[in-house]
Amino acid sequence: MTTATSKTHITALTRQQHLDLYYYMRLNRELEGQMERLFRQNKIVGGLYSSLGQEAISVGTSYALGPDDWIAPMIRNIGALLVRGFKPRDILTQHMARYTSPTRGKDGTSHFGDLQVRHVVSPISMLGDLIPVMAGVAMGGRYLGQKIVAMTWIGDGGTSTGAFHEGLNLAAVQKAALVLIVENNQWAYSTPVERQVPIRDLADRAKAYGIKASIVDGNDVVAVILASREAVDLARAGMGPVLIEAKTMRMRGHAQHDGAEYIPKELIEAWKARDPLDRHEKFLTQNKLWTSETKNEIDGRIAREISADVEFAENSPFPPPEFAEEGVYCEGCHNIEPQWKRPKEELMPPRSSVIPAWPKSDSRAVVERPPGSKATHIESKNGSDAPQNKIAAKRSGPSPAKRKKVR
């Protein structure tokens, strides 16, 4: 996948789509700014994780999906929730543990979803675990005959988990329609990327699974959506999973309690100059896609929406005490039926029957030395193979006699 040109940036999207990207990114930022103030007032009861500087990734990737596709967001993907139709009040009441929240006050962070309408799988706190889950969602959709794509996100540190590798390997072998977004924001809590992995580009991890990958400027929302569209189209066409590494910078600490003193100030300043909202505003202005009046209208709309939803959240009640014992176990609380898009007969005998034997294929167990490569064993002068002795000699250093000469 190649980097989009400036002309492609303009023509690949309609004017309204360019404006939508600004609206969702600005809404994302203003909402999180309000949540930070509420956190300082002790009105946010759980953890708060900022996506400042990363809004283009959540918005651009999710905007590339269709309404029937599925997402599983993580802690810094509020923008994706907004694109999928959640309102600021849903996110505010959720973090304030109010009875009007999506979980009716039973969770104080981002653990909520919508399986029936918006196709949003709730976040899983164990990093990497959403990858096998979403591989399963993609495989389930294919089984039902749906042409869906599943998308989830992972941070740079999360790519070192076992679930990341197991899930991506499963998706690759099954050619699941999964798009995995790796948000390389340079820090896994307080550990920089270069102290985590010995590779420069995390997209290189995709080579181990034989899947396609690309690298995109995560602070350029149009570049993000174009790369995401290409990945979604490939996955939907049956080409298997696609990994996108979006390079960006985490502009706050891991969470509100983390002052991020370990990050060099000059690094923060350098990335401020690459702010995704500032860049998209300049892009819209330079290409005459809006006027100052248009910007003011959008900003005014966002201010009104957030103000109304903050008021709604603050006036919402906490859950009643007796609600604590409800919903602990699912006893008919919901009923989600499979949405078949293919005849069920295709999955029943005799049409589903297969010969219980594997056909002969190229064996990967055969070791063939490529032309020009060296032998893998060591042969001594007297004709005997003695690899262990020579290796042991190298490891133990010079003989006692030679050591004496050195001294």
Side-chain angles (χ1 to χ4, degrees), residues 61-74 77 80-81 83-86 102-103 110-154 158 161-182 206 209-213 228-244 329-354:
T61 53
S62 58
Y63 198 88
L65 295 169
D68 294 328
D69 295 328
W70 287 72
I71 70 167
M74 284 295 290
N77 300 125
L81 293 172
V83 171
R84 296 298 285 191
F86 283 99
T103 59
S110 55
H111 301 102
F112 69 98
D114 180 358
L115 301 181
Q116 293 182 304
V117 179
R118 299 182 179 94
H119 298 161
V120 177
V121 176
S122 175
I124 299 175
S125 294
M126 284 64 73
L127 298 181
D129 281 20
L130 279 172
I131 299 172
V133 169
M134 296 311 285
V137 169
M139 292 162 61
R142 181 174 61 198
Y143 183 82
L144 294 171
Q146 302 170 358
K147 296 286 287 184
I148 64 165
V149 172
M151 176 182 287
T152 190
W153 294 259
I154 189 73
T161 63
F164 169 89
H165 294 282
E166 293 172 11
L168 200 52
N169 185 71
L170 172 67
V173 170
Q174 295 295 328
K175 290 193 176 297
L178 172 70
V179 176
L180 176 61
I181 312 299
V182 176
Y209 312 104
I211 66 174
K212 295 183 179 296
S228 301
R229 276 183 173 181
E230 186 176 351
V232 168
D233 289 345
L234 287 169
R236 202 185 307 280
M239 302 300 291
V242 182
L243 184 151
I244 298 175
Y329 300 99
C330 179
E331 298 172 350
C333 57
H334 64 265
N335 183 23
I336 301 177
E337 296 290 337
Q339 298 178 6
W340 289 93
K341 300 295 183 182
R342 64 189 291 190
K344 294 183 183 179
E345 294 75 17
E346 292 182 358
L347 304 172
M348 302 293 288
R351 297 182 66 178
S352 65
S353 298
V354 296

Under the side chain to side chain contact (heavy atoms under 4.5 Å, CB included) criterion, do Met134 and Val121 qualify, and how do the steps go? CA-CA 9 Å; Met134 296 311 285; Val121 176; 3.9 Å; yes
Heavy-atom distance under 4.5 Å between the side chains of Phe86 and Val120, does that happen here? yes
Between CG on residue Leu234 and CD1 on residue Ile211, distance to nearest 0.5 Å: 11.5 Å
To the nearest 0.5 Å, how far apart are CD1 in Ile131 and CD1 in Ile154? 5.0 Å
Considering non-hydrogen atoms only, spot the tightest contact between Ala163 and Pro132 and give its length. O-CD, 3.8 Å
Please answer whether the main-chain N or O of Gln339 pairs with a side-chain N or O of Gln146 as donor and acceptor at a distance below 3.5 Å. yes
So does Lys147 get a backbone contact from the side chain of Arg236, meaning a donor-acceptor N/O pair under 3.5 Å? yes
Can you check whether Arg84 reaches Leu81 side chain to side chain, under 4.5 Å on heavy atoms? no
Leu130 versus Pro73, closest heavy-atom pair with distance: CD1-O, 3.7 Å
If we check side-chain contact (heavy atoms from CB on, under 4.5 Å) with Met151, which of these qualifies: Ile244, Val137, Ile181? Ile181
Nearest atoms (heavy-atom pairs only) where Pro123 meets His111: O-CD2, 3.4 Å
Residues that Glu346 engages under side chain to side chain donor-acceptor pair (under 3.5 Å), provided they are two or more places apart: Arg342
Mind listing the closest non-hydrogen atom pair of Asp69 and Gly66 along with its distance? OD2-N, 2.7 Å
Is there side-chain contact between Trp70 and Leu115, with heavy atoms separated by less than 4.5 Å? yes
Rounded at 0.5 Å granularity, tell me how far OG in Ser353 sits from CE in Met348. 10.0 Å
Hits for side chain to side chain contact (heavy atoms under 4.5 Å, CB included) against Asp233, two or more places apart or cross-chain, chain-then-number order -> none
Got a donor-acceptor contact below 3.5 angstrom from the Asp114 side chain to the Val117 backbone? yes
Restricting to side chain to side chain contact (heavy atoms under 4.5 Å, CB included), what partner residues turn up for Pro102, sequence neighbours left out? Asp90, Thr93, Gln94, Phe112
For the pair Trp340 and Tyr143, name the ring-plane relationship: parallel under 30°, tilted 30 to 60°, perpendicular over 60°. tilted
Closest non-hydrogen atom pair, Ala80 against Ser62: CA-OG, 3.5 Å
Can you tell me how far apart NE2 (His119) and CG (Asp68) are? Round to the nearest 0.5 Å. 6.0 Å
Kindly determine whether Thr61 and Val83 satisfy side chain to side chain contact (heavy atoms under 4.5 Å, CB included), including the steps that lead there. CA-CA 10 Å; Thr61 53; Val83 171; over 6 Å; no
If you round to the nearest 0.5 Å, how far is NZ of Lys344 from CG of Leu144? 9.5 Å
Could you tell me the separation between the CZ atom of Phe164 and the CG atom of Leu127, rounded to the nearest 0.5 Å? 12.0 Å
Check the pair Val242 / Leu180 against side chain to side chain contact (heavy atoms under 4.5 Å, CB included), numbers first and verdict last. CA-CA 6 Å; Val242 182; Leu180 176 61; over 6 Å; no
If you take all heavy atoms of Thr161 and Gly128, which pair is closest and at what distance? OG1-CA, 3.9 Å
